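Here, residue 1 is the first one in the sequence, and each next residue gets the next number. On a predicted model such as this, the values are computed, not experimentally measured, just so you know.
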Amino acid sequence: MEGPLFTPEARRRRRRKVLIAFAIGLPVAMVLCFFKWRADDLHAWPALQPGALPERTEAASPLTAEEMFAFLEAMPPATNAPMRAYALFQSHGAAALDTNTLATLRGRLGADAANAVAYHALLAAHDGFTTNHTGANLNVRFAANCREWAIWLMAAMQLREGGFSPADRGRSAALHARLLTKGAGLAGHAVALEILMLHSRETVMESIEAPEYPEALARALIAGFREAEAPENLRSIVDALTDDHAALLANAQDQIYPQLFSREAKPVNRVGEGTTPIYSNFRVGGTTAWLMRRLGADMEDTRAHLDALFSVLAANAEQPYSPTGLLTGLPPWCSGGKRPPWTRDPVGAILGEGYLRHARYGAALEPNIRLELRAARIAAALRVWRDRHQGVWPAALSDLLKASEGEEPLLTAADIADPFASDGAALRYALDGEKDWRLWSVGLDQKDDGGLQDAMTAEDRKAREQADFIFTSHERLYRKAHTPL
C-alpha cells in the first residue's frame with residue numbers, strides 16, 4: 001500500500017512514537033500499581049487478638065544442640081536411608097536388608113542395647129528442646145536428627161532377641177512425645193508424629209502376631225501410651241506456635257535486620273565460635289537489601305505484624321479441630337490466594353508467607369498424634385480381649401470399657417475417642433470376618449467414609465483430605481504390599 005502514511009519514514013516515526021509512549025507509560029503504570037499495592041497493604045495483615053498468644057515458657061531442662069550432636073557423633077554412622085531401611089525391615093523382616101545395613105543397625109544398637117539405653121536416658125533427662133539461641137531452621141534440623149536416630153533405633157531393637165517389649169515401646173513413646181513437642185515448634189510435632197507412628201503401628205502388628213501377649217505387659221503398654229498423651233508430655237499446638245513465633249522474631253532481629261543495614265554484618269554461627277554451622281542462615285544482600293531498606297523495613301513493624309499473625313493462629317489452635325485448620329479468618333494471602341503484603345513490611349512478609357506455606361495443616365498434627373497413641377492402646381486391648389474369649393474379637397469397642405470380674409477395664413472412654421470427630425464420637429470399629437478387624441477415624445474432612453480408603457496411602461492431596469485414617473489387624477500384609485523389595 002502506498003501513500004504518505006505508509007512510507008518507510010512514516011512507519012519509522014510511528015514506531016518511534018509507540019516506543020516513546022511505552023517507555024513513559026510503563027514506569028507510570030508501575031508506579032501507580034505500586035501505590036495501589038501500598039494502599040492495599042494497609043489492611044493486609046490480620047488484627048491482633050489480645051491475650052491469644054501466651055508467653056513462651058522454657059523447658060525446665062532443655063536438650064541443647066551441643067548435647068544432641070555430641071551424642072550423635074559418638075554413635076556408629078548411618079550409611080543408609082533410615083526410613084527406607086526401616087520400612088523394608090518392618091514389612092519383610094531382616095532378610096530384606098543387605099549385610100551393610102544389618103551391620104549398621106547392630107552397631108547403632110550396641111552391645112546389650114547400650115546405645116538404646118543411653119538414647120532413652122537422654123530423652124528422659126530433658127523436658128524438651130531449647131530455642132533460646134537457635135531458630136526455626138535449627139528446630140527442623142535438630143528434630144530431623146532425632147527422627148533419624150529413632151528410626152534406626154526401632155529397627156535395631158527389633159533385631160534384638162525379644163525386640164521392644166510392650167512396656168518399652170509405651171515408655172519410649174512417652175519420652176519422644178515429651179522431648180519433641182516442647183521447644184521445636186510445628187516441626188517437632190511433625191517429627192513426633194512420624195516417630196510415634198513407628199511405635200503405634202508396630203504395636204498394632206504385634207497385637208496380632210505375637211504368640212504370647214501377657215495381660216500385665218499389655219496393661220503396661222496401654223499405660224505408657226496413655227502417659228504419652230498426658231499434658232506434661234504431649235504439648236499443644238498453641239505451645240508449638242508460641243515457640244515458632246519466638247524463633248521467627250529471633251531470626252529477624254539477630255540475622256535479617258543486621259544484614260539489611262550493615263555492609264559488615266555476617267551470618268551468625270548460633271552454635272558457638274569454632275564449631276560448624278548447623279543450619280543455613282538467612283542471607284540478604286545486593287539489590288534485595290537495597291530495595292527492602294528503601295521500602296522502610298523496620299523491626300518494630302515486623303514484630304507487630306508477626307504478633308498479630310500468630311495471635312490469630314493461636315486463637316484458631318485453641319478451638320476443636322476443623323478442616324479449615326489454623327488459617328480460619330486470615331487474609332487471602334495467608335492461604336496463597338494473593339501476594340503477601342511486602343510493600344510495607346518486606347521482612348515480615350517473607351517470614352510470614354514462608355511459615356504459612358508449611359503451617360496450613362498444623363492443626364491436624366496434634367489430633368493425628370493422639371490418634372496414633374490411642375490406636376496402639378486399642379490394639380493391645382483388643383488382643384487381651386481375644387485371649388480372654390477363646391480367640392474371638394469383641395463386637396464393639398465399648399466392650400473394652402467393661403470391667404471383668406476382679407479386673408479394671410482395659411480402656412476408658414477417652415482412650416477410644418476420635419480426635420478428629422467434631423461431635424466427640426468414638427473411633428469406628430468393624431469386624432472383617434471372624435479373624436480380622438478394622439479401626440478408623442473420620443480423618444481430616446471429619447466425614448465417615450466407612451474406613452475404605454486410608455489417607456496414608458492416598459495418591460494425591462485431595463484424596464488424602466477426604467479419606468479416613470485406618471488401622472487393621474492385617475497391617476503387616478498391607479505394608480508388605482506397599483513396600484516392594
Side-chain angles (χ1 to χ4, degrees), residues 46 49 52-54 173 177 180-182 184-197 200 225-226 228-231 233-245 309-330 334-335 355-378 397 412-429 439-451 453-456 458 461-471:
Q49 308 291 306
L53 190 67
L180 288 163
T181 62
K182 178 63 176 287
L186 290 183
H189 274 73
V191 174
L193 173 59
E194 291 185 38
I195 294 174
L196 296 176
M197 279 183 68
S200 69
F225 276 96
R226 188 181 287 144
E229 201 176 332
N233 290 321
L234 179 58
R235 270 70 172 211
S236 73
I237 293 298
V238 175
D239 288 336
L241 292 170
T242 305
D243 292 328
D244 285 341
H245 173 244
L309 175 62
F310 275 84
S311 72
V312 176
L313 294 175
N316 289 339
E318 289 281 12
Q319 303 303 312
Y321 170 82
S322 71
T324 53
L326 297 175
L327 307 188
T328 303
L330 290 175
C334 294
S335 55
Y355 183 80
L356 290 171
R357 194 179 302 126
H358 301 286
R360 180 178 180 184
Y361 298 106
L365 286 171
E366 187 180 336
N368 225 321
I369 290 172
R370 295 185 186 279
L371 173 63
E372 294 292 332
L373 296 174
R374 293 174 190 181
R377 306 204 289 272
I378 292 171
L397 286 185
T412 67
D415 291 323
I416 66 171
D418 186 346
F420 287 99
S422 58
D423 57 359
L427 290 158
R428 276 60 171 178
Y429 168 82
L439 177 73
W440 71 95
S441 161
V442 295
L444 297 174
D445 65 355
Q446 297 185 309
K447 297 178 181 178
D448 182 8
D449 297 309
Q453 170 67 51
D454 185 14
M456 293 299 180
R461 190 184 73 183
K462 185 175 181 180
R464 185 162 55 252
E465 291 175 352
Q466 295 175 347
D468 299 331
F469 291 116
I470 303 172
F471 305 81

Start with the C-alpha distance between N368 and S441, add both sets of side-chain angles, then the distance that settles side chain to side chain contact (heavy atoms under 4.5 Å, CB included), and finish with yes or no. CA-CA 10 Å; N368 225 321; S441 161; over 6 Å; no
Give the C-alpha distance, both sets of side-chain angles, the deciding distance and a yes or no for side-chain hydrogen bond (donor to acceptor under 3.5 Å, both in side chains) between T242 and D239. CA-CA 5 Å; T242 305; D239 288 336; 5.1 Å; no
For a side chain to side chain contact (heavy atoms under 4.5 Å, CB included) check, start with the C-alpha distance between L371 and F471, then their side-chain angles and the critical distance, and finish with the verdict. CA-CA 10 Å; L371 173 63; F471 305 81; 3.9 Å; yes
One pair to check against side chain to side chain contact (heavy atoms under 4.5 Å, CB included): R428 and V442. What are the steps and the verdict? CA-CA 8 Å; R428 276 60 171 178; V442 295; 3.6 Å; yes
Step-by-step side chain to side chain contact (heavy atoms under 4.5 Å, CB included) determination, L193 to M197: CA-CA 6 Å; L193 173 59; M197 279 183 68; 4.0 Å; yes
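At least one side-chain heavy atom of L241 sits under 4.5 Å from a side-chain heavy atom of Y355. At least one side-chain heavy atom of L53 sits less than 4.5 Å from a side-chain heavy atom of H245. The closest side-chain heavy-atom distance from L330 to S335 is not below 4.5 Å.
A pairwise comparison of heavy atoms in G451 and W440 identifies N-NE1, 3.3 Å as the closest pair. When all heavy atoms of A315 and A52 are compared, the closest pair comes out as CB-CB, 4.0 Å. Taking every heavy atom of both residues into account, A228 and L234 meet most closely at O-CB, 3.3 Å. When every heavy atom of A177 is checked against every heavy atom of L196, the shortest pair comes out as CB-CD1, 4.4 Å. K447 approaches D468 most closely through the heavy-atom pair O-OD1, 3.3 Å. Between L373 and A173, the shortest heavy-atom contact is CD2-CB, 4.4 Å.
Taken from CZ in F310 to CG in L326, the straight-line distance is 10.0 Å, to the nearest 0.5 Å. R377 contributes atom CZ, which lies 11.0 Å from atom CD1 of I416 (distance to the nearest 0.5 angstrom). Taken from NE2 in H189 to CG in D244, the straight-line distance is 10.0 Å, to the nearest 0.5 Å. Taken from CG in L397 to CG in L427, the straight-line distance is 7.0 Å, to the nearest 0.5 Å. Put simply, CD on E465 and CG on D445 are 8.5 Å apart, with the number rounded to the nearest 0.5 Å. Going from atom CG of D418 over to atom CD of Q446 covers 9.0 Å, rounded to the nearest 0.5 Å.
Judged by distance alone, with hydrogens and angles left aside, the side-chain atoms of R226 form no donor-acceptor pair with the main-chain N or O of D415 at under 3.5 Å. Checking side-chain atoms of D448 against main-chain N and O of G450 turns up a donor-acceptor pair under 3.5 Å. When atom types are taken as modelled, the side chain of E366 and the backbone of I237 share a donor-acceptor pair closer than 3.5 angstrom. A donor-acceptor pair is defined here as one N or O able to donate and one able to accept, closer than 3.5 Å; no such pair exists between the side chain of N316 and the backbone of L313. At distances below 3.5 Å, at least one donor-acceptor pair connects side-chain atoms of D423 with backbone N or O atoms of A425. Counting only distance, with no hydrogens or angles, the side chain of T181 and the backbone of N233 share a donor-acceptor pair below 3.5 Å.
Using a 30° and 60° split on the angle between ring planes, Y321 and F420 fall in the perpendicular class, above 60°.
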